[in-house]
Amino acid sequence: MSTYPELGQYLLGLKESLAASVQQKFPDSGITAGDIVLEKPPSLELGEFAYPCFNLAKKLKKNPALVAAAVAENFVATSSIRKLEAAGPYLNIQVEAGQFIGVVCETICKSKENFGRSQDGKGRRVMVEYSSPNTNKPLHIGHVRNNLIGMALANVLEFCGYGVVKANLVNDRGVHICKSMLAYDKWGNDTTPQLSGVKGDHLVGQFYVQFENALKKEREEYAASKNIALKKFGKDYEKSLREEIKACKDPTAKQKLQHELRQLGDDGEKFEQEFLAQSQLYGEAMEMLRNWEQNDPKVRALWQKMNGWVLDGFRTTYDTLGCKFDKFYYESDTYTLGRDQVEEGVKKGVFYRQPDGSIWVSADKLHEVSPRWFEGIQLKDKLLLRADGTSVYMTQDIGTAILKFKDFELTDSLYVVADEQILHFKILFSALKLLGFPWAEHCHHIYYGMVTLPHGMGKIKSREGTAVDADDLISEMVARAKEKMQEMKEQLRVSADKLDETALSIALAALKVFVLQVSMDKNIQFDPCQTIEFTGDTGPAIQYSHARICNMLRKAADEHQIDMKKLSDVDYGLLNAPEEMAVTRQLCEFPDIVLTSGRSYDSSPIANYLLSLTKNYARMYALHPVIKGDMLKAENTALRNARLKLAQAVADVIRIGMSLLGVNTPENM
RNA sequence: GCGCCCGUAGCUCAACGGAUAGAGUUGUGGACUUCGAAUCCAAAGGUUACAGGUUCGAAUCCUGUCGGGCGCGCCA
């Protein structure tokens with residue numbers, strides 16, 4: 001019976017052998033196993049590992065190809081390295097295949113759910129703030145990306161040995177909240193989610209939209225009465241003018257447009273302000289906000305009631321998506337917290353007070369404390385506290401940041417928020433630095449691109465109804481999963497009572513893998529008409545491979561009395577097909593992928609890895625039978641057992657990786 | 001105007017500064033009496049937006065140009 005070293009030990013052994021060979025040929029190189037980084041050759045025919053000799057050659061001041069050739073020439077095979085070949089500047093290593101496959105399979109078999117787990121983040125306690133919704137409307141597809149990224153990130157960090165606190169900062173106060181409340185007060189007829197049968201967050205969202213529509217109508221009437229073109233309100237007109245100028249080819253027309261732009265000045269903003277100042281509706285919303293801040297019992301009661309509905313709705317969506325939180329912060333609790341700190345900043349001389357009483361941080365100070373962040377940016381001074389003492393977003397964020405570190409003794413604080421807020425967080429972290437908090441260096445904005453709609457479909461804006469609603473999206477996906485299951489019901493292996501559960505699991509796998517495989521800094525294009533596929537490079541395909549392996553293992557146990565736990569003397573040397581090596585080689589990468597993912601705060605490498613692993617497995621499986629035909633004959637027992645072991649290792653890694661992404665892996669589907 | 005991000009196959013996306021830039025999808029042609037066809041195989045698809053530069057080597061780094069997105073609020 002053969003025993004195998006653990007994978008990490010084995011890889012270290014390879015590096016040591018290699019280092020020894022290099023030392024022997026080039027005693028001056030001073031190279032050790034720790035200096036060696038092993039890569040994957042472009043084709044496994046060349047070898048399982050590759051050592052690029054560029055750094056070594058630089059050290060020796062020789063040509064990398066000659067160095068590689070010299071080392072290869074002297075190499076004597078070891079128990080683990082069968083062959084060392086130079087190919088240009090690379091040394092390609094061909095390992096003793098049976099041993100390598102044994103190491104990988106046995107390591108996975110022994111470590112099970114802990115394969116790939118590390119202590120990389122030992123001693124660090126990290127808060128991952130994500131989701132952070134407003135309580136005036138339901139979650140949309142943009143929030144979905146946020147939630148999935150946040151959840152996966154938290155999982156990965158925990159797996160890498162960090163202490164992790166998952167937090168949600170609920171934005172539950174402000175004018176936008178009052179808008180929904182006012183609309184409900186005016187036109188709601190005391191309806192409730194129960195009475196209307198509408199999910200709480202959607203119901204409140206309807207009133208928000210109703211308010212915005214009413215305000216829009218008011219603006220139209222106002223514009224007509226003042227004889228000002230409606231398009232001149234707000235900043236949008238200025239923006240469209242700029243675009244027109246850009247596109248304009250005719251010089252005289254262009255001059256005319258540029259003239260108009262100069263004339264415009266701040267008119268758009270001015271018109272909008274003038275409109276709002278006299279607006280009946282907006283005035284009422286503001287009054288409601290003031291009453292809220294003064295603890296008016298009636299307003300507070302309404303606020304409590306409606307926020308309760310929204311949060312109930314969110315909870316349902318979070319449960320469906322599998323989002324978990326250890327701590328909820330509510331802006332209504334924390335919004336006053338920043339005030340004292342901001343005042344303190346004035347005393348310290350890092351912020352300043354305007355004659356009207358408002359408090360600001362100057363652009364100069366920001367440049368001073370974070371020169372690199374603001375290089376080349378024409379910054380304006382930033383308001384931290386209004387003249388009337390009320391908070392803005394920044395005030396609240398300063399307070400909450402401090403509270404987080406106090407509450408949990410954090411070493412790092414991560415904010416999963418879309419990239420449109422990059423500047424906001426640069427300023428926030430700089431303000432914290434100015435206040436003298438040393439941990440400000442350990443605050444990180446984890447940003448990701450937006451979710452965009454296909455060309456011609458406008459932008460995702462919940463106010464204008466172009467947003468793709470999160471709940472709608474999920475239920476549409478579930479409906480499609482059920483349709484698909486119906487189509488292929490003959491081969492379905494799901495018991496009747498688990499149909500709904502499985503359909504949800506598949507739908508979410510499709511959604512999550514679709515979103516999580518894309519690099520964080522890219523926008524995702526989402527086409528609501530095509531939604532998301534279930535075949536090809538998708539989450540369900542990964543689940544499918546996993547379910548098939550589970551089924552095969554069950555069959556092996558039930559019909560062929562093979563107890564996987566008792567397979568102790570497996571001859572991995574029988575696995576000599578290139579596809580089997582390809583799968584093994586990929587399994588052995590998993591711990592590195594997880595490590596990279598954790599260190600870069602990015603889970604997309606894991607998603608891409610799983611898609612690729614699944615593809616390689618499917619190819620192997622199509623070519624090399626495990627428990628069918630001749631494989632059931634006695635003379636093939638050993639080969640069959642080895643293949644079963646490898647398949648099980650694949651299933652284990654799929655399950656671990658998918659759980660890091662927050663995706664289920666059902667045993668039947 | 002200033003700043004940040006993106007530009008890779010028809011489409012959606014991969015590729016620690018490294019070897020012949022890879023998948024899926026679409027379309028074409030094959031493979032189910034046999035481990036689950038949500039699968040596999042084959043051919044097809046590229047001047048990595050463009051122009052320079054850095055070096056042994058650039059899709060990746062630097063400069064410029066062109067496209068697209070976002071930001072520069074007493075909104076959050």
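As a basis for the values below, the full set of heavy atoms in this structure was taken, side chains included, without hydrogen atoms, waters or symmetry mates. Just so it is clear, the model here is predicted, and its values are computed rather than measured. Every chain is numbered from 1, with letters handed out A, B, ... down the list of sequences.
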Is the NZ or CZ atom of A/Arg585 both under 6.0 Å from the centre of the six-membered ring of A/Phe49 and within 45° of that ring's axis?
yes
Counting the atoms with a prime plus P, OP1 and OP2 as sugar-phosphate, which does A/Arg619 contact under 4.0 Å by heavy atoms, base, sugar-phosphate, or nothing?
sugar-phosphate
Return the nearest nucleotide to the side chain of A/Phe54; candidates are B/C56, B/C74, B/A38.
B/C56
Under-4.0 Å side-chain N/O to phosphate OP1/OP2 contact, A/Arg548 with B/A38
no
A/Tyr621 six-ring face occupied by A/Arg548 cation (under 6.0 Å, within 45°):
no
Residues in side chain to side chain donor-acceptor pair (under 3.5 Å) contact with A/Asn136, at least two apart in sequence or another chain:
none
What is the nucleic acid contact for A/Pro64, judged by heavy atoms within less than 4.0 Å: base, sugar-phosphate only, or nothing?
nothing
Measure up the A/Phe514 and A/Phe526 rings against each other and bin them: parallel (under 30°), tilted (30 to 60°), perpendicular (over 60°).
perpendicular
With sugar-phosphate meaning primed atoms plus P, OP1 and OP2, does A/Ala65 contact a base, only sugar-phosphate, or nothing at under 4.0 Å between heavy atoms?
nothing
Given side chains that start at C-beta, do those of A/Arg145 and A/Val518 come closer than 4.5 Å, heavy atoms only?
yes
B/C40, B/C35, B/C74: which one has an atom nearest the side-chain heavy atoms of A/Ala622?
B/C40
Among B/A19, B/A37, B/C6, which is the nearest nucleotide to the side chain of A/Asp521?
B/C6
Report, as a single string ordered 5' to 3', how protein heavy atoms within less than 4.0 Å touch nucleotides 12-17 of chain B: B base, S sugar-phosphate only, - not at all.
SSS-B-
P atom, B/C40 versus B/G53: distance in rounded Å?
45 Å
Would you mind classifying the nucleic acid contact of A/Trp360 as base, sugar-phosphate or nothing, using non-hydrogen atoms under 4.0 angstrom?
base
If you check every side-chain atom of A/Glu420, which of B/G3, B/U39, B/G71 has the closest atom?
B/G71
Residue-phosphate contact under 4.0 Å: A/Arg386 side-chain N/O, B/C75 OP1/OP2:
yes
Taking the six-membered ring for Trp, does A/Tyr621 stack with B/U39 (centroid gap under 5.5 Å, planes within less than 30°)?
no
By side chain to side chain donor-acceptor pair (under 3.5 Å) - contacts of A/Ser279 (at least two apart)
A/Glu218
Just checking A/Ala418: base, sugar-phosphate only, or nothing, at a heavy-atom cut-off of under 4.0 Å?
nothing
First of A/Gln378 and A/Met669 reached from the 5' end of RNA chain B, by closest nucleotide:
A/Gln378
Side chain to side chain donor-acceptor pair (under 3.5 Å) involving A/Asn307 - partner list, sequence neighbours excluded
A/Thr135
Considering heavy-atom distances to RNA chain B, does A/Tyr51 or A/Met552 have its closest nucleotide positioned more toward the 5' end?
A/Tyr51
Would you indicate which nucleotide in B/C74, B/U39, B/G73 comes nearest to any side-chain atom of A/Val392?
B/C74
Base, sugar-phosphate, or nothing for A/Leu423, non-hydrogen atoms under 4.0 angstrom?
sugar-phosphate
Could you tabulate the donor-acceptor pairs under 3.5 Å formed by side-chain atoms of residues 534-543 of chain A, not counting sequence neighbours?
{"from": "A/Asp537", "atom 1": "OD1", "to": "A/Lys615", "atom 2": "NZ", "distance (Å)": "3.4"}
{"from": "A/Thr538", "atom 1": "OG1", "to": "A/Phe534", "atom 2": "O", "distance (Å)": "3.0"}
{"from": "A/Thr538", "atom 1": "OG1", "to": "A/Ala541", "atom 2": "N", "distance (Å)": "3.4"}
{"from": "A/Gln543", "atom 1": "NE2", "to": "A/Ser505", "atom 2": "O", "distance (Å)": "3.4"}
{"from": "A/Gln543", "atom 1": "NE2", "to": "A/Ser505", "atom 2": "OG", "distance (Å)": "3.2"}
{"from": "A/Gln543", "atom 1": "NE2", "to": "A/Asn664", "atom 2": "O", "distance (Å)": "2.9"}

Looking at side-chain heavy atoms only, is the closest gap between A/Tyr609 and A/Asp592 below 4.5 Å?
no
Which nucleotide sits closest to the side chain of A/Pro42: B/A38, B/A19, B/C6?
B/A19
Do the non-hydrogen side-chain atoms of A/Ile627 and A/Glu559 ever get within less than 4.5 Å of each other?
no
Derivation and outcome, side chain to side chain donor-acceptor pair (under 3.5 Å), residues A/His624 and A/Glu579:
CA-CA 9 Å; A/His624 308 291; A/Glu579 293 81 13; 2.8 Å; yes
Whole angstrom value for the distance that separates C1' of B/U39 from CE of A/Met620
14 Å
Just checking A/Met450: base, sugar-phosphate only, or nothing, at a heavy-atom cut-off of under 4.0 Å?
sugar-phosphate
Quantified in whole Å, what is the P atom distance between nucleotide B/G71 and nucleotide B/A14?
22 Å
Starting at the 5' end of RNA chain B, write a dot or bracket for each base, bracketing those in Watson-Crick or G-U wobble pairs whose two distances are under 3.5 Å and using | for partners on another strand.
(((((((..((((....[...))))..((((.......))))......(((((..]....))))))))))))....
